[in-house]
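Report on the structure given below.
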Amino acid sequence: MNKNLRVWIEGTIIAAMGMALSYIPIQTANAALDLSLGLVPLVLYSYRRGALAGMTAGFVWGLLNIVLGSAMKNFISVPQIIFEYPFAFAFGGLGGLLGTKVRLSVQKGYQKQMVLYIVLGAVLACLSRWFWHFWAGVFVWGAYAPENMSPWLYSFSVNGASALGNIIYVAVVLVILVKVAPRLFIPKDDHGVWSATK
């Protein structure tokens, strides 16, 4: 099978997996803490295949949220939906910028470097995704802020807990995974297409 086709198929499966995991509700009543279970497979995929492949899979996952209707329950405007779904989810694949370092440290068995790069990638992916949610919170959801509360502070308080919770969740799960199944981080063809950092 063509290596590029394999990467595309793998990315499509990751997007579908992210969408399926979206149906498991892990959210507080006021949405101040919203764990995105699909971020683990997305970030893992971005480590395997690079940032562009990860961002593409995340973008498809965001589109699936729109097409399958789960995004529409939060619909206020078209720009808000675009920012919070395709854009935000695509940026969840930015952990792939550290993909080469993760793969090399796994291949060489450098335990400390492996953990460091996996955690840094999780931080990058989660903060990049929640950057878009933060801006949507300021310019769209800020209108719903309590009286006399800045939309900036409102968005930070609502989105900050989710960003931090997801960083911890993604980093812990991926560090456990690399310890028990390091081969998941290295594709059989070991060819991360689209990555500028191969």
Next item on the list: Show the numbers, then the answer: is there a side-chain contact (heavy atoms from CB on, under 4.5 Å) between Tyr154 and Val138?
Entry: CA-CA 8 Å; Tyr154 176 71; Val138 170; over 6 Å; no

Note to self: With a 6.0 Å cut-off (strictly less than), is the heavy-atom count around CZ of Phe185, excluding the residue itself, greater than 12?
What the structure shows: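 Yes, CZ of Phe185 has more than 12 neighbouring heavy atoms, counting only those of other groups under 6.0 Å.
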
Spatial distance of atom [atom1] ([X]) from atom [atom2] ([Y]) [nearest 0.5 Å]:
X: Trp132; Y: Gln80; atom1: CH2; atom2: CD; result: 13.5 Å
X: Ser150; Y: Asn148; atom1: OG; atom2: CG; result: 11.0 Å
X: His133; Y: Phe91; atom1: NE2; atom2: CZ; result: 12.0 Å
X: Arg48; Y: Ile186; atom1: CZ; atom2: CD1; result: 8.5 Å
X: Ile66; Y: Tyr85; atom1: CD1; atom2: OH; result: 8.5 Å
X: Leu35; Y: Ile24; atom1: CG; atom2: CD1; result: 11.5 Å

Taking a hydrophobic cluster as the set of Ile, Leu, Val, Met, Phe, Trp and Tyr residues connected by side-chain heavy atoms closer than 4.5 Å, whether directly or through intermediates, do [X] and [Y] fall within one such cluster?
X: Val158; Y: Leu153; answer: yes
X: Leu21; Y: Leu177; answer: yes
X: Ile168; Y: Leu98; answer: no
X: Ile81; Y: Met19; answer: yes
X: Leu37; Y: Val173; answer: yes

Going by heavy atoms in the side chains, are [X] and [Y] under 4.5 Å from each other?
X: Val60; Y: Phe89; value: no
X: Met114; Y: Val102; value: no
X: Ile118; Y: Tyr47; value: yes

Looking only at heavy atoms, what is the nearest atom pair of [X] and [Y], with distance?
X: Tyr117; Y: Ser105; answer: CD1-OG, 4.2 Å
X: Gly54; Y: Leu42; answer: O-CD1, 3.3 Å
X: Ala122; Y: Val170; answer: CB-CG1, 3.8 Å
X: Arg103; Y: Gly50; answer: NH1-N, 4.4 Å
X: Val43; Y: Ala125; answer: CG2-CB, 3.7 Å
X: Val7; Y: Ala53; answer: CG1-CB, 4.1 Å

Item checked: Residues forming a side chain to side chain donor-acceptor pair (under 3.5 Å) with Ser155, sequence neighbours excluded ->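 With sequence neighbours excluded, Ser155 shows a side chain to side chain donor-acceptor pair (under 3.5 Å) to Asn159, given in chain and number order.
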
Item checked: Step-by-step side-chain contact (heavy atoms from CB on, under 4.5 Å) determination, Met149 to Ser157 -> CA-CA 11 Å; Met149 186 178 196; Ser157 63; 3.9 Å; yes

Next item on the list: Could you check Phe156, Trp152, Trp130 and say which one makes a ring-ring contact (aromatic ring centres under 6.0 Å, His included) with Trp135?
Entry: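 Considering Phe156, Trp152, Trp130, a ring-ring contact (aromatic ring centres under 6.0 Å, His included) with Trp135 is found only for Trp152.
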
Notebook entry, point to check: Lys179 and Gln111: side-chain donor and acceptor closer than 3.5 Å?
Noted result: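 Indeed, the side chains of Lys179 and Gln111 share at least one donor-acceptor pair under 3.5 Å.
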
Item checked: Any donor-acceptor N or O pair under 3.5 Å, side chains Ser22, Trp61 ->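 The criterion, which ignores hydrogens and geometry beyond distance, is satisfied for Trp61 and Ser22.
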
Item checked: Member of Val175, Leu174, Ile176 meeting the side-chain contact (heavy atoms from CB on, under 4.5 Å) criterion with Val172 ->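 Of all the options given, the one that passes is Ile176.
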
Checklist line | Under 3.5 Å: donor-acceptor pair, side chain of Asn166, backbone of Asp34 | finding: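 Yes; at least one donor-acceptor contact below 3.5 Å.
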
Checklist line | CA sep, side-chain torsions, deciding dist, call: Leu68, Tyr23, side-chain contact (heavy atoms from CB on, under 4.5 Å) | finding: CA-CA 11 Å; Leu68 297 177; Tyr23 289 110; 3.9 Å; yes

Next item on the list: Could you check Arg49 against Glu10 for side-chain contact (heavy atoms from CB on, under 4.5 Å), going step by step and ending with a plain yes or no?
Entry: CA-CA 9 Å; Arg49 299 299 189 175; Glu10 197 175 319; 2.9 Å; yes

